[in-house]
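Whatever order the structure lists ligands and atoms in, that order sets their numbers, starting from 1.
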Amino acid sequence: MIDDINYEYRTGIGTDIHRLVGGRPLKLGGILIPYEKGLLAHSDGDVALHAMIDAILGATGLGDIGMIFPDTDPQFANIDSKELVLKTKEYIEHKNWEIVNVDITITLEEPKLGQYKAQMKRCIASLLGIDFLNVNVKAKTNEGLGEVGQGLAISAITAVLIRRRLKRTL
Ligand code: MG
């Protein structure tokens with residue numbers, strides 16, 4: 001691609017984990033998943049979106065989710081994480097960064113996410129303003145190992161590529 005030379009590219013990685021508890025809705029990848037438990041957090045606990053926000057901030061070198069959206073701040077209590085993604089996007093766009101693609105892996109024993117992956121991809125692509133084909137969502141179990149394996153928590157890891165146009169120096 002001839003125009004690659006005009007861009008600066010960076011990658012980032014983000015992880016997150018939250019405890020599964022009764023009496024909370026389960027939000028993953030921006031959508032509501034029918035299940036008897038949900039993720040305990042100051043916000044809605046969407047580990048996939050939180051890991052993605054950390055990956056984006058990591059790539060830009062602008063810190064981490066806890067710095068931008070402190071969990072001690074009442075304005076973020078029970079906030080829909082989609083709003084945090086939109087704020088993050090706005091924040092990095094001020095620095096001229098744009099997101100190229102994201103790759104998300106969610107690790108959980110239950111429920112099975114196969115039938116929800118396309119909806120998550122559509123939701124994330126629309127939040128980021130990128131093509132559906134540039135968003136990948138994978139789900140896997142932890143083979144019964146550790147807290148995630150025992151069904152006590154759900155975790156996520158996300159990689160992201162971002163770019164910004166280089167200014168010409170004449
Ligand atoms: Mg989190």
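- If you look at His50 and ask which of its N, O or S atoms sits nearest the Mg ion (ligand 1), the answer is ND1.
- Because the distance cut-off is set at 2.8 Å, Asp46 fails to qualify as a neighbour of the Mg ion (ligand 1), as none of its N, O or S atoms comes that close.
- When distances from the Mg ion (ligand 1) to the N, O or S atoms of Asp16 are compared, OD2 comes out shortest.
- Checking side-chain atoms of Arg10 against main-chain N and O of Thr60 turns up a donor-acceptor pair under 3.5 Å.
- Side chains of Asp71 and His42: a donor-acceptor N/O pair is absent below 3.5 angstrom, by distance only.
- Asp16 places no side-chain N or O within donor-acceptor distance of the main-chain N or O of Ala156, the cut-off being under 3.5 Å.
- Looking at Arg163 and Asn6, their side chains never bring a donor and an acceptor atom within 3.5 Å of each other.
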